[in-house]
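These notes concern the structure reproduced below.
Proteins get letters first, then strands, A, B, ... in listed order; numbering begins at 1 in each.
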There are 2 protein chains.
Amino acid sequence: MSSPRTATIADVAKHAGVAVSTVSYVLSGKRAISATTRQRVLDSVRALGYHPNAGARALASKRAKVIALVLPLRAGMNLPVLMQFATSVVTTARQYDHDVLLMTADEGPDGLRRVAASALVDGMLLMDVEMHDPRVPLLRHLGEPSVLIGFPADREGLTCVDLDFARAGALCADHLAGLGHREIALLGAPSVVYERGTGFAERTLAGFVEAAGRHGVRAVTRPCEESFDEVCSAVRDLMDEHPGVSGLVVHNEAAVGHVLGALRVLGKRVPEDVSVVAICPDDVAERASPALTSVLVPAEDVGRQAVRLLMAKLDDHPVPQSTLLEPRLTIRESTQ
Amino acid sequence: MSSPRTATIADVAKHAGVAVSTVSYVLSGKRAISATTRQRVLDSVRALGYHPNAGARALASKRAKVIALVLPLRAGMNLPVLMQFATSVVTTARQYDHDVLLMTADEGPDGLRRVAASALVDGMLLMDVEMHDPRVPLLRHLGEPSVLIGFPADREGLTCVDLDFARAGALCADHLAGLGHREIALLGAPSVVYERGTGFAERTLAGFVEAAGRHGVRAVTRPCEESFDEVCSAVRDLMDEHPGVSGLVVHNEAAVGHVLGALRVLGKRVPEDVSVVAICPDDVAERASPALTSVLVPAEDVGRQAVRLLMAKLDDHPVPQSTLLEPRLTIRESTQ
DNA sequence: CCTTCCTGTCGAAGCGCTTCGACGACCTGG
DNA sequence: CCAGGTCGTCGAAGCGCTTCGACAGGAAGG
């Protein structure tokens, strides 16, 4: 049962009849090795099922080949997107031969410090960055390579990636305005998210308002809680106060379903009476009835891009300070 | 800017005026150290901001203090529960001074092999285990300490944890029968989940049917897809074919909201015409209207318990082969 | 034909930590 | 008062890997 002690590089060297360092150079490609030797070593590696010991490698090379993914896991986050994101980070990292250490934000800045100081990871990916995030100054100070998902207020010296939420908001307004709607509304995140100063919510709103203005369309916006009853009354109030609203943008994944339910209850048909555009993942939009015209949050792209940037930084390649990912609008049945 | 090379154990030893090994013993507690020396060392540790180098520690001690969390990230999984689970795993692991490496199942068995062979992790947690999971034999073979979330068909030599889904199903039936309902129905996971032979769906169903039988109540069950339209027709068909059904159990998180919408569309009032019990996280149940009587999937408990078991195994403590977590029914407004 | 320069390989020196055996110093009991 | 224990500490030997400098041997250049 007990495996016969996993093979070490010395075993491989002996098996191939070469020096330990030669094996290392074959595996890392850092020095030229003749084709025949290389092949012999590779064969031995396979024969013995050799995998380098991660600790030893990290110790000697000062590279752990692990990156940290710091997820928030706080109230008001939308989980499915997060999960998609995490998946794409792991997958992409593996393509670069790196693994992913999962951290939650509740260990706080100390967690970052610990992980950096112990050389457990080579760099980190931080999600759900706020405008005035306490981790940001620490990050600058630590000097660990890092990439942020989201934009803090002061971007100096950082590398940030995000969906271009302003464009997303604008895209929704453009679409509705293009369909001839003259008065449109945005139902956003729960108010707590705005209070926290999470950038993406504000940027969506700004983009929406700006685009509406550009088209000469009246725009109203309000936060949106996530229980059915609260969504219901929010929608009702909105319609009462602004009876002319015929286009609705929903930027709140948990509430999307409830908004449709609320409209049904109020006797509003979609899209005949009200057109609805959601900013959410495609599966949620497709699962709704009618299927929702939506702007996709490209979680996978963001994850992939973030990892790429981090890898570039690890290799000391220069990277742009900000990367904005283009949103994509998919027209389905909920707008006309 | 560049930190002055992070402190090593040698630095601490020098600063405290003791031998390196003494520092190590203070930190690990594996040998008796006088109170005064201990204090001096601890002070130096704090003064220098010392954190042991993870690689070196792993190399020397053969313990990485990292566990792997293998998530599925496949279709039909319900993400929020998964996320809660992941959070509780990370948090609990940290309490045991361990970190968590995130792996997706798509690297497959090779991923497990790699991670085990490279000693990157000391043990693993596998989620979403199927009845005939290909990873199970490998796991037995590798001899890495591991804990499974979910039950494969052959449990021999493994350690498994899960919610007692049979009890959960039974609890729902008990509750409805107790309220006097004589004909009840279970709306389950999408059919693909049953086809995959995922244990939890089948066990819920079995528990539900068994309990209904025990109470002399008629039970009907069917799988349930996740789009609003499909849910709608499933509910309509169900009601047409079994007009006597007055109690509904929904074991499908994504469909819960749609079921309520469907009943609303069909003119059925909840709970006056139909009582509804959901098996889902509390926040989903609370967010619905009316707030749903629900059986909680105690993702946090499962995560915590799984980590505890794994830690016990790492310390060579004996652990039970199966651990079933008791479900808890919360009565809200949707049943009468 | 001899220097100069690659190319391919090797040996050895760490990386920072844990752990084992050794060994004074001190206590205890006969 | 000394044999036999403890207790607290130290030094050194690795753990498995990377990487540096050295060095044969052959190619190229004068």
For T8(B) and for V18(A), locate the closest nucleotide of DNA chain C by heavy-atom distance; then report the residue assigned to the nucleotide nearer the 5' terminus.
->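 The 5'-side residue here is V18(A).
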Does any pair with a residue in residues 37-64 of chain A pass salt bridge (charged side-chain N to carboxylate O under 4.0 Å, His left out), and if so which ones, sequence neighbours excluded?
->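 Residue pairs with at least one partner in residues 37-64 of chain A: R63(A)-D122(A), R63(A)-D315(A).
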May I have all residue pairs that pass salt bridge (charged side-chain N to carboxylate O under 4.0 Å, His left out) and include part of residues 7-36 of chain B, sequence neighbours excluded?
->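 Matches after skipping sequence neighbours: R5(B)-D11(B).
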Acceptor/donor pairs from residues 64-71 of chain A side chains to any protein atom, 3.5 angstrom cut, sequence neighbours excluded:
from	atom 1	to	atom 2	distance (Å)
K65(A)	NZ	D97(A)	OD2	3.4

Identify whether any heavy atom of S34(A) sits under 4.0 Å from a base atom; if not, whether one sits that close to sugar-phosphate; answer base, sugar-phosphate or nothing.
->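 Contact class for S34(A): sugar-phosphate only.
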At under 4.0 Å between heavy atoms, what does V20(A) touch on the DNA or RNA strands: base, sugar-phosphate, or nothing?
->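 Base contact - V20(A) has a heavy atom under 4.0 Å of at least one base atom.
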For E107(A), which residues count as a salt bridge (Lys or Arg N to Asp or Glu O under 4.0 Å) partner, sequence neighbours excluded?
->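 So E107(A) forms a salt bridge (Lys or Arg N to Asp or Glu O under 4.0 Å) with R114(A), R94(B).
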Who are the salt bridge (Lys or Arg N to Asp or Glu O under 4.0 Å) partners of E300(B), not counting sequence neighbours?
->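 If we apply the salt bridge (Lys or Arg N to Asp or Glu O under 4.0 Å) test to E300(B), skipping adjacent residues, there are no hits.
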With the side chain counted from C-beta on, respond yes when L148(B) and L139(B) share a heavy-atom pair under 4.5 Å apart, and no when they do not.
->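 Result yes, sub-4.5 Å side-chain heavy-atom pair found.
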Would you indicate whether the side-chain heavy atoms of L125(B) and V307(B) approach each other to under 4.5 Å?
->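 In contact.
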Using a heavy-atom distance cut-off of less than 4.0 Å, which residues of residues 40-51 of chain B contact DNA chain D?
->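 Of all residues in residues 40-51 of chain B, none places a heavy atom under 4.0 Å from DNA chain D.
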Looking at DNA chain D, which of residues 24-33 of chain B put a heavy atom within less than 4.0 Å of it?
->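 Here the set is Y25(B), R31(B), A32(B), I33(B).
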Tabulate below the donor-acceptor pairs under 3.5 Å that side-chain atoms of residues 18-26 of chain A make, not counting sequence neighbours, or state none.
none

Residues two or more places apart in sequence or in another chain: which of them pass side chain to side chain donor-acceptor pair (under 3.5 Å) with R113(A)?
->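 With neighbours one apart ignored, the set is D110(A).
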Modelled atom types, side-chain donor and acceptor of S44(B) and H15(B), under 3.5 Å |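 A donor-acceptor contact under 3.5 Å links the two side chains.
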Between S34(B) and T37(B): side-chain donor-acceptor atoms closer than 3.5 Å |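 Yes.
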Using residues 153-163 of chain B as the side-chain source, report each donor-acceptor pair under 3.5 Å to any protein atom, sequence neighbours left out, with the distance given to one decimal.
from	atom 1	to	atom 2	distance (Å)
D154(B)	OD1	E156(B)	N	2.9
D154(B)	OD2	R140(B)	NH2	3.3
T159(B)	OG1	K313(B)	NZ	2.7
D162(B)	OD2	R203(B)	NH2	3.0

Axis-to-axis angle across the helix from dC1(C)-dG30(D) to dG30(C)-dC1(D), five pairs an end, to 10 degrees?
->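 End-to-end axis angle: 40°.
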Span of DNA chain C, from the first to the last nucleotide whose atoms fall under 4.0 Å of chain B heavy atoms |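 Contacts span dG16(C) to dA22(C), reading 5' to 3'.
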Where do V121(B) and V115(B) come nearest, in terms of heavy atoms and distance?
->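 Closest approach of V121(B) to V115(B): CG2-CG1, 3.2 Å.
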DNA chain D: S21(B) or S21(A), which has the more 5' nearest nucleotide?
->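 Going by which nucleotide is closer to the 5' end, it is S21(B).
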